[in-house]
Every structure is written in structure tokens, then in C-alpha cells.
Amino acid sequence: MDLFTPSTVRSAVERLLSARLALRERTPAEIFSALDRTVGAWLEADSAWLRRAEAEVSRASGFSPEMVRYALPTVLAPLRAPALERLVVEELGGLEFLSRPPELPPRLVLHILPGNLPGLAAAPVCLSLATGVAALLKPGSGDLAFPRLFLESLATLDPDLAACVEVRYWKGGSPEPEKELFALVDAVDAAGSDEAMEDLAKRYSGTLVVRGSRLSFAYVARPSWQDPLLRGRAFRALVEDTVVWDQLGCLSPQVVFFEGAAFGDLVRLAEELGEEFELARKRLPPKRLSLEEESRIVRFRQEAEWREIRGEEKRLLGGEDLSWTLLLEKGPNFAPTCLHRTLRLQTVQGTEELEEPMRRAHSRLEAVGVAAAPDDFPAVADVFRKARLPRVVPLGEMQRPGLDWKPGGIPRVREWFAPRDGEKSDRGTRVTPRALP
């Protein structure tokens with residue numbers, strides 16, 4: 001891997017800014033078309049790029065080849081040209097910004113990506129180029145293969161456009177090359193743990209957009225677990241949303257609230273849900289676990305078992321190979337799990353019981369998947385929309401967001417162009433203006 005030093009930082013920035021000037025000679029239609037062809041090459045039947053990712057991303061990340069082939073298209077599908085143009089027009093008011101004077105920022109945005117799951121580099125690449133901005137991507141250590149592969153696919157179809165993007169990796173928090181780089185970029189857009197984002201905010205004083213850790217959950221209305229037909233559909237949908245990317249994304253449910261269920265009901269429901277997890281394990285094998293990941297699951301299970309021994313109303317069910325874990329307990333409690341197909345199943349009497357807990361946990365809640373009869377769904381979903389959750393969808397659709405989903409409730413590109421004056425929202429977002437040169 002190339003060493004990123006202060007001198008190579010400067011040369012990389014110069015290359016990107018020079019390539020961006022050439023990009024300004026392209027029409028928006030040409031740029032959108034090139035991005036669409038690139039994404040389309042990944043989504044076409046028997047895609048050569050997807051076949052390469054199935055091998056290379058799986059080897060680098062530990063996700064099963066079956067998971068990469070199944071889940072990666074769901075990350076790429078929202079990035080087609082019509083959706084990109086709609087988002088740009090919605091957030092920036094039109095396409096006229098592409099004719100702004102070339103010296104006005106943002107000219108170059110640094111994207112610091114998390115490494116929890118593959119594919120996350122595609123959106124910042126497409127959104128940067130769609131807005132006429134050069135991009136430097138720092139991938140997370142868990143996703144080093146996909147960003148370079150996606151950029152290679154773009155370069156194959158449109159080398160001039162690809163020249164406006166570079167992928168570089170260095171250890172986060174390193175004084176070099178970050179000190180030099182922070183002085184040269186116009187904005188930083190970052191996602192990661194709350195601790196990492198707080199540390200970044202101390203080190204970078206320019207236009208900064210951060211998205212920290214988030215927790216998602218599911219709500220199963222009473223008819224959807226009492227009626228056998230509806231229950232089967234709800235459980236298949238719940239397992240789908242949980243196993244995609246092995247629950248490592250911010251849209252993966254970690255807590256499931258069963259409306260009107262008694263603890264005894266949870267026991268019976270968990271046994272049936274475990275059968276669905278076993279079926280999913282065969283279809284989408286779990287991620288290859290590191291020793292640290294195995295240890296977290298074992299500790300989670302041991303703590304739950306110990307609290308059950310001490311007389312607390314808890315029950316633990318799980319696959320023998322750590323492939324899935326279900327913790328049954330009284331709710332409501334928005335406590336995270338150890339992930340890797342681990343769910344807290346909790347009893348609540350109704351949505352009103354969640355209102356105060358949601359208010360307290362609002363800054364870290366991202367999405368809810370709702371299982372309810374068609375006639376009941378609008379009323380149940382409205383409760384969560386009024387709570388201002390960024391994403392409220394039917395259970396089974398949590399992992400298939402479009403570009404209208406704003407992670408963390410934050411616009412995807414607007415803040416690069418019009419930063420708010422030092423605002424920090426209750427969702428942990430910091431956006432600070434940078435003085436123009």
C-alpha cells in the first residue's frame with residue numbers, strides 16, 4: 001500500500017483539482033450518464049465487476065461470497081442517474097451550481113468512511129462527481145477492496161471522470177498526513193463511531209459533517225405475531241433485515257418490540273424465529289468472525305445467562321456456532337447488542353410505551369421497520385414519523401434505502417455548499433463554516 005506523506009498529499013490534491021477543472025467542461029447530462037453506466041455495469045446480469053467483488057471483497061472483509069453477491073447490489077441500485085439528479089436538484093435547488101466560479105469551494109471533499117460493511121464508497125464517489133466536486137476517499141480498514149474496485153470500474157468507462165477521485169488509506173488519527181490534508185481540502189464528510197467523530201472534530205476546524213453510531217429497531221404489531229400467516233411474513237422480513245451484512249449496518253435492527261406480548265409469548269415466538277435464522281444461515285452464510293468478534297458474542301451470551309440465573313426475567317436462545325442469538329427480555333430498552341445476527345426481543349403494550357424511551361434515545365436512533373396489517377400500518381408508522389426518525393418503512397425494507405434516506409437525518413450534499421454556522425444537532429452532527437481563502 002502506498003505511503004501517504006505530506007509531499008504525496010500535496011501532489012494528490014493538485015492532481016484532483018486539475019482533473020476537476022476538466023470536469024467542469026462536461027455537461028451535467030454527460031456526468032450523470034457516465035455514473036449511470038458505471039453503476040449499471042455492476043447491476044447487469046452476470047456482472048464481471050460483481051464477480052470480482054464476490055471474490056476480492058469477500059476475501060478482504062470476511063463476508064461470505066453469497067452475502068457480497070446478494071447485498072452489494074442493494075447498495076448500488078439507488079445510485080442511478082434519475083435518483084442522483086433528483087437529489088442534487090432537491091438539496092442544491094438545481095444544476096446551476098456547476099457553472100459557479102471554479103475557485104469557489106467546495107472544490108475537494110475528503111470522505112472518511114467506516115469499515116463496517118462494503119459498498120459505502122459508491123455513494124460519495126457518485127454524489128461528489130454529480131455535484132462537480134473532486135473526492136479523496138479514506139476507506140475504513142474493513143473495506144479496502146471495494147473502493148478501489150469501484151474506482152477501477154469508473155476509470156474503465158470514463159477515465160477523465162475517475163481522475164477526479166482518489167482512494168487512499170492511512171491509520172485514522174495519524175498526525176501525518178492529516179495535518180497537511182486538512183489544510184488543503186474544503187470539507188470533510190465522515191462516518192464512524194461516536195468516539196472517532198468527536199476526536200475528528202477536535203482536529204479539523206473546517207466544514208465538517210459527521211455521522212456517528214446509530215441504532216435501528218423493529219416493531220411488530222399484535223396481529224402480525226398472533227396470526228400465523230402474518231407472523232410468517234413478519235419473521236421472514238425481520239430475518240432479512242437482520243442478516244443482510246450480518247447486522248453491521250446502521251439500518252440493521254437490534255431490538256424488536258412485540259406489541260401486547262407476554263414473556264411466555266416471546267419464548268414461543270423466539271423458537272419459531274430461530275428456525276428462520278437457521279434457514280437464512282444456509283442461504284446467506286455468516287461473516288467469518290475475528291477472535292474479537294467471537295469474544296463479544298460470547299460475553300453477550302454469558303452476561304445474559306448470568307442475569308437469568310440471578311432471577312431476572314430473561315431467556316437466551318442461539319445457534320450453536322454463534323451464527324445467531326436471541327435475548328428475550330422485558331422492554332422497552334434501546335440497548336445495543338453485540339451484532340452478528342443478535343436481537344433483543346422485548347414486550348411492550350403499545351407504541352405509547354415507546355414515546356418517552358424514543359425521546360431519550362433520539363440522537364442515536366436511525367430507522368424502524370414496522371410489521372402491521374395494511375390497514376393498521378399508516379397509524380403505527382405515523383407514531384415513529386412524529387418522533388422524527390430518519391427512516392420509517394415496512395419490515396423487510398430496512399436494508400433497501402433510496403437516496404431520499406438521509407443518514408443521521410443529514411442532507412447528503414447540501415452542507416458541503418452551505419454549511420450552517422457552527423451548529424451541533426441532537427443527532428451529534430457538527431457543521432462548521434470554513435473561511436474562504
Roughly how far apart are E25 CD and T27 OG1, rounded to 0.5 Å?
11.0 Å

Does any N or O in the side chain of T242 come within less than 3.5 Å of the main-chain N or O of L238, such that one atom is a donor and the other an acceptor?
yes

Quick one: are P73 and W42 in side-chain contact, heavy atoms under 4.5 Å?
no

Among residues at least two apart in sequence or on other chains, which ones pass salt bridge (charged side-chain N to carboxylate O under 4.0 Å, His left out) with E275?
none

Salt bridge or not between R281 and D321? Use side-chain N to carboxylate O under 4.0 Å.
yes

Please determine whether a side-chain nitrogen of the Lys or Arg among R211 and D189 lies less than 4.0 Å from a carboxylate oxygen of the Asp or Glu.
yes

Quick check: does any side chain N or O of Q254 sit under 3.5 Å from a backbone N or O of T337, one acting as donor and the other as acceptor?
yes

Are S252 and W245 close enough that a side-chain donor and a side-chain acceptor fall under 3.5 Å?
no

Under 4.0 Å between a side-chain nitrogen and a carboxylate oxygen: does that hold for E56 and R59?
no

NZ/NE/NH1/NH2 to OD/OE distance under 4.0 Å, R412 and E91
no

Quick test of your reading of the model: are R344 and E329 salt-bridged, counting only N-O distances below 4.0 Å?
yes

What do you reckon, are the aromatic ring centroids of F257 and Y219 less than 6.0 Å apart?
no

For V188 and V109, run side-chain contact (heavy atoms from CB on, under 4.5 Å): C-alpha distance rounded to whole Å, both residues' side-chain angles, the deciding distance at 0.1 Å, then the answer.
CA-CA 6 Å; V188 174; V109 174; over 6 Å; no

Using a 3.5 Å distance criterion without hydrogens, assess whether the side chain of S323 forms a donor-acceptor pair with backbone atoms of G319.
no

Is any side-chain N of the basic residue among R148 and E152 closer than 4.0 Å to the acidic one's carboxylate O?
no

Looking only at heavy atoms, which two atoms of P390 and G409 are closest? And how far apart?
CG-N, 3.8 Å

Any salt bridge linking R288 with D246? Criterion: basic side-chain nitrogen under 4.0 Å from a carboxylate oxygen.
no

F384-F217 aromatic ring centre distance below 6.0 Å:
yes

Do S216 side-chain atoms and A367 backbone N/O form a donor-acceptor pair below 3.5 Å?
yes

Pairs touching residues 126-140 that satisfy side-chain hydrogen bond (donor to acceptor under 3.5 Å, both in side chains), sequence neighbours left out:
H111-S128

Test: R283 and E240 ion pair at under 4.0 Å:
yes

Could you verify whether a donor N or O on one side chain and an acceptor N or O on the other, from R37 and S33, lie under 3.5 Å apart?
yes

Quick test of your reading of the model: are R414 and E90 salt-bridged, counting only N-O distances below 4.0 Å?
no

Check: P105 main-chain N/O paired with D186 side-chain donor or acceptor under 3.5 Å
no

Side chain of Q346, backbone of N333: donor and acceptor closer than 3.5 Å?
yes

Does Q247 reach the main-chain N or O of R341 with its side chain, forming a donor-acceptor pair under 3.5 Å?
yes

For the side chain of R364 and the backbone of F334, is there at least one donor-acceptor N/O pair under 3.5 Å apart?
yes

